[in-house]
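Data block below; observations after.
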Amino acid sequence: MQHAVTALRVGIALLLAVLLDGLGVPAAMLLAPLAVFAVASRRRAVPLPRRTLELGLLLIGATIGSGVTLGMLREFGNIMAIGAGIALAMIAAGIVTGIAAARIVGIDTASGIVATVPGGLPEMTAVSLTYGLRSELIIAVHLGRRVGVLLLAVLVASGTWG
Amino acid sequence: MTLLNGFAPLIIAGIAVLGLRRIRVPASEMLVGLVVAAAVVLLLEVGPVPGWVSLVGQFLIGATIGTRLAAADFAPALRQLPAFVVAVMLVVAVGAAGAFVLARFTTLDLTSALLAVLPGGAPDAAAVATAVEANAAAVAAVHIMRQVIVLAVVVGLLDRFLMRRTG
């Protein structure tokens, strides 16, 4: 019975993900199952196998890692070197502002840092879950940043700024 | 054969994760998967893992988070959000300033540099870059590198200095 309930939720989440993706919602494949399973679990909690999260982490990690190619490093050597420096500067800024924001609102430092560093939404939400951090806050902040930066990117691309 | 070629980094990364489970490796599934897959691609010159694999991973993580968030109270998070919006805007400002440096010292034009450095989603930025005929390959490359660095730094920081994994 539990398997049937989980299968039904997976099916509904997949349909919602396809719909949201078609509407241009970022990270639809993460957000749709999150919403469906959160709402459904409030009515009837059906735990997922413990390995579900670990498999998800492996799939994302391997996909990101395999994207780093030799050709990329050769072709964009100079760009990557400066880009790495900028990434480190943004991480440092994220750590400092994350600690400050955490102290202002009175939450743990780790949640503050994970909320503000410029990592990907799926990766940082997975990290928050792995370490038992404030997932709801971290998801809200990263989703807001991703949507905000997407709007900014469209402005840049349209020549309004940049 | 091509299909197997693309899955080689994932299969080897999976074996590495299982093998390293006995010793203590921080956030081993994602971090070991990332490092091993990168090493496999660079050393064996095989193709990258297909993009849809990441979507499956996102789906599994989304479902797990949703299940665990069912009992969460979102009201405090909404109250705390403004402080984090300001914090994130400062991080984005650092990135925007960095884009001008990137455009000044490399062959990238300013639009491509901004799309590469602004800390949004890699697929979003690459899609916008493609749409306006900016350097989408460089944009995607810088985003992937940033994700790798952030993940390594954050997991290292959490594991070494701030806390222990809960499961």
Side-chain angles (χ1 to χ4, degrees), chain A residues 26 29-30 33-34 37-38 41-42 48 52-54 56-68 70 72 76 78-79 82-83 86-87 89-91 93-94 97 101 104-105 110 115-120 122-123 126 129-132 136-137 140-141 145-146 149-150 153 156-157 162, chain B residues 9-10 13 29-30 33-34 37-38 41-42 48-49 53-67 69-70 72 74 77 80 83-84 87-88 90-91 94-95 98 102 106 110-111 114 117-121 124 128 132 138 141-142 144 146-147 149-151 153 158 162-163 166:
Chain A
M29 211 58 172
L30 174 80
L34 194 158
F37 277 78
S41 296
R42 278 183 188 265
L48 292 171
T52 306
L53 175 65
E54 294 172 5
L57 292 172
L58 169 66
L59 296 181
I60 287 186
T63 311
I64 294 174
S66 73
V68 182
L70 213 52
M72 181 193 288
F76 303 126
N78 195 23
I79 295 170
I82 296 175
I86 296 167
M90 281 194 288
I91 293 167
T97 58
I104 289 170
V105 302
T116 51
V117 289
E123 294 82 22
L129 208 58
T130 306
Y131 288 91
E136 70 282 5
L137 175 69
V141 174
R145 174 170 59 79
R146 185 160 172 179
V149 169
L150 176 59
V156 167
Chain B
L10 178 60
E29 297 83 12
M30 187 181 279
L34 187 154
V41 167
L42 292 175
V49 175
V53 171
S54 173
L55 296 179
V56 175
Q58 291 182 35
F59 189 92
L60 295 177
I61 290 171
T64 310
I65 294 170
T67 304
L69 280 187
F74 283 88
Q80 292 155 353
F84 284 92
V88 166
L90 291 172
V91 176
V94 170
L102 193 62
T106 68
L110 185 57
T111 300
L114 280 162
V117 168
L118 288 175
D124 310 345
V128 174
V132 296
V142 173
I144 290 168
R146 191 192 75 241
Q147 290 184 352
I149 295 174
V150 170
L151 198 56
V153 169
L158 290 176
L162 294 173
M163 60 202 314
T166 58

Can you measure from CD1 (A:Ile91) to CZ (B:Arg146) and round to the nearest 0.5 angstrom? 8.5 Å
B:Val150 versus chain A, the contacting section by heavy-atom distance below 4.5 Å: both
So, the part of A:Ile79 with a heavy atom under 4.5 Å from chain B: the answer is both
Identify which of B:Ala38, B:Pro119, B:Ala77 forms the greatest number of heavy-atom pairs closer than 4.5 Å to chain A. B:Pro119
Heavy-atom closest pair (A:Val105 atom, B:Gln80 atom, distance to 0.1 Å) is CB-CG, 3.6 Å
What part of A:Leu59 gets closer than 4.5 Å to chain B, counting heavy atoms only: side chain, backbone, both or neither? both
With chain A, the option among B:Val142, B:Leu90, B:Ile144 that has the most non-hydrogen atom pairs under 4.5 Å is B:Ile144
Relative to chain A, which of B:Gly98, B:Ala141, B:Gly95 shows the most heavy atom pairs under 4.5 Å? B:Ala141
Using 0.5 Å steps for rounding, measure from the CG atom of B:Leu34 to the CD atom of A:Glu123. 9.0 Å
Could you tell me the separation between the CZ atom of A:Arg146 and the CG atom of B:Leu118, rounded to the nearest 0.5 Å? 14.0 Å
Non-neighbouring partners of A:Thr63 that pass side-chain contact (heavy atoms from CB on, under 4.5 Å), sequence neighbours left out: B:Val49, B:Val53, B:Ser54
Using a cut-off of under 4.5 Å on heavy-atom pairs, state which of B:Leu151, B:Leu102, B:Val153, B:Val128 scores highest against chain A. B:Leu102
If you tally heavy-atom pairs under 4.5 Å between each of A:Ser41, A:Pro118, A:Ala93 and chain B, the highest tally belongs to A:Pro118
Most heavy-atom pairs under 4.5 Å with chain A, out of B:Val41, B:Ile61, B:Thr106, belong to B:Ile61
Value for CZ (A:Arg42) from OG1 (B:Thr67), rounded to nearest 0.5 Å, stands at 12.5 Å
Nearest heavy-atom pair of B:Ala63 and A:Pro33: which atoms, and what distance? N-CB, 3.7 Å
If you count heavy-atom pairs within less than 4.5 Å of chain B, which of A:Ala101, A:Ala140, A:Ala87 leads? A:Ala101
Apply the side chain to side chain contact (heavy atoms under 4.5 Å, CB included) test between B:Val88 and each candidate in A:Val117, A:Val149, A:Thr116; give the one that qualifies. A:Thr116
Side chain to side chain donor-acceptor pair (under 3.5 Å) with B:Gln147: which residues, sequence neighbours excluded? none
Close side-chain approach of B:Phe84 and A:Thr97, heavy atoms under 4.5 Å: no
4.5 Å side-chain heavy-atom contact, A:Met29 and B:Val56: no
